[in-house]
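So you know, we letter chains A, B, ... as the sequences are listed, proteins then strands, and number each from 1.
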Amino acid sequence: MNIPLERVDKNRWRIPQNYMNGMNVPGMVYADDVLIEQIRNDNSLKQVANVATLPGVVGHSLAMPDIHWGYGFPVGGVAATDMEQGVVSPGGIGFDINCGVRLIATELVRDQVKGQVDKLADELFRTLPSGVGGSGMRKLDQHEIREVMVQGAAWAVAQGYGLEEDLEATEENGCLAGANPDAVSKQAVQRGMVQLGSLGSGNHFCEVQVVDHIYDSEAAKVLGIGQVNQVVITIHCGSRGFGHQIAEDYIKLAQQKQQDWGFELVDRQLACLPLQSREGKDYLSAMACGANFAWANRQLLMHGVRQAFASVFGRRARPKEMPLVYDVCHNIAKIEEYVVDGEKKRVCVHRKGATRAFPPHHPAIPEKYRAVGQPVLIPGDMGRYSFVLAGAEGSMEQSFGSCCHGAGRQKSRTAAKKAITSKDLMAQLSARGVTVRVHSKGLLSEEAPQAYKDAQNVVNVVHDAGLAKLVARLKPIIVVKG
DNA sequence: ATGTAC
């Protein structure tokens, strides 16, 4: 599939609106010369064009430099739809509702952890339940899961999983408004009741990392990650089977109703619901339940991390000395206001594999970070590095307050599995000084560094394009995975 | 991502 790309500047490529019948806006792809060649290799650019055909889409159908093929929408896609005329498309949020990333700081440095790496890895692996379909740290009854759906991370804190101040360091304070448990199916509830506080599988992980390079020492200091060799922890996880079931339920519903609403979609996977319809509002209410479950989930997992550190390092790693730096979601739809074609507009911003990146002084940013901008947490791959950035002004002008979310897959899961055996991968990681504890070795190869683009290229693009600013680079020393 | 298919 050859998609015509017009180069806009060093880091931007336009898919013209006349490329395909039915496009309501042009596409815009963020990539440099290296990344654009990798991106051309799958069908994700066609998906960028497909998204541009959605009813009520405004501005551009955007693709971040970590874009790759996904269900309907590309992963790494951003699209905003008009609140009055537009739709919400569950495939534009993703199956893992509020998949996201949480970064925890410590007062430890690399040398203090060196001799305890195996013990710490064992302790983390024991404390954080993982694996496909695995059950979580806390079983919920019918009443409790309703509270989780409405309260999010605050429920977890009230139950003793963490500190009050964790909430202000969480996007939306760990609770998306408008959640309605009655919009969630019994089946989703059944799946969710046993999975709170679990890591799952796939690309989800808990990593112990060290600050490896600092790009902006002032910003890094404000975020509490200002010391080279400082030990930090990243958790990447979402809403598990609960959010997955919500997505599946509403995609099925949307597909059944497309004809009634008069939609003729270029791809069945773009199934969508008018924002002003009963069904569209129900999806947003259910999505908020999924988002809140995910925030509670990451809150429990962070509690597990603090417990594991305390058991290994005692008073040198008490919860107060392990503050949450920030928690971002990268699979979500948010109602926000932007200037579109010179006019202020309320839109539904779909971020699927895309991180919010609000600039300095935005009221949604915790006060302590106001001058720096919203922390943007970008996991790379398990062998190389991850990044911390801060949102910048360009995101508000260009990308509906959004930037990339990770390295972006370069090889399919099947291709990755063929490229390297888990044994060879374990040896490679060990040689790089990375200690791994994994639930299923068979799945490890699918997540090999070789399966991903170089995250450094990805973050350089969003930095150069003015969407977010580089703050720090993190290197993994322990990886715990499903 | 996911009780990796109903």
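- Atom CD in A/Gln195 sits about 9 Å away from atom C1' in B/dT2, given to the nearest Å.
- Under the 6.0 Å cut-off for aromatic ring centres, A/His236 and A/His405 do not qualify, their centroids lying 6.0 Å or more apart.
- Separating the CD atom of A/Gln187 from the C1' atom of B/dT2 is a distance of 12 Å, rounded to the nearest angstrom.
- A/Asp182 and A/Arg146 are joined by a salt bridge, as a carboxylate oxygen and a charged side-chain nitrogen come within less than 4.0 angstrom of each other.
- Look at NE2 on A/His236: it is 14 Å from C1' on B/dT2, rounded to the nearest Å.
- Taking atom CZ of residue A/Arg240 and atom C1' of nucleotide B/dT4, one finds them 13 Å apart after rounding to whole Å.
- The separation between A/Phe293 atom CZ and B/dT2 atom P is 11 Å, rounded to whole Å.
- The NE2 atom of A/His204 sits 10 Å away from the C1' atom of B/dT2 (whole-angstrom rounding).
- Among the atoms of the strands shown, none is found under 4.0 Å from any heavy atom of A/Ser239.
- Contacts of A/Gly202 with the nucleic acid, taken as non-hydrogen atoms under 4.0 Å apart, involve only primed sugar atoms and P, OP1 or OP2.
- Each of A/Glu447 and A/Val132 has a nearest nucleotide on DNA chain B; the 5'-most of these lies closest to A/Glu447.
- Classified by interplanar angle (parallel below 30°, tilted 30° to 60°, perpendicular above 60°), the ring pair A/Phe125/A/His439 is tilted.
- Here B/dA5 presents its C1' atom at 12 Å from NE2 of A/His244, a figure rounded to the nearest Å.
- Geometrically, A/Arg102 does not engage A/Tyr326 in a cation-pi contact defined by less than 6.0 Å to the ring centre and at most 45° from the axis.
- In this entry the distance linking NZ of A/Lys481 with P of B/dT2 reads 10 Å, nearest Å.
- For A/Glu248, taking side-chain heavy atoms from C-beta onward, the closest of the listed nucleotides B/dC6, B/dT4, B/dT2 is B/dC6.
- Note on A/Arg413: every side-chain N or O is 4.0 Å or more away from OP1 and OP2 of B/dT4.
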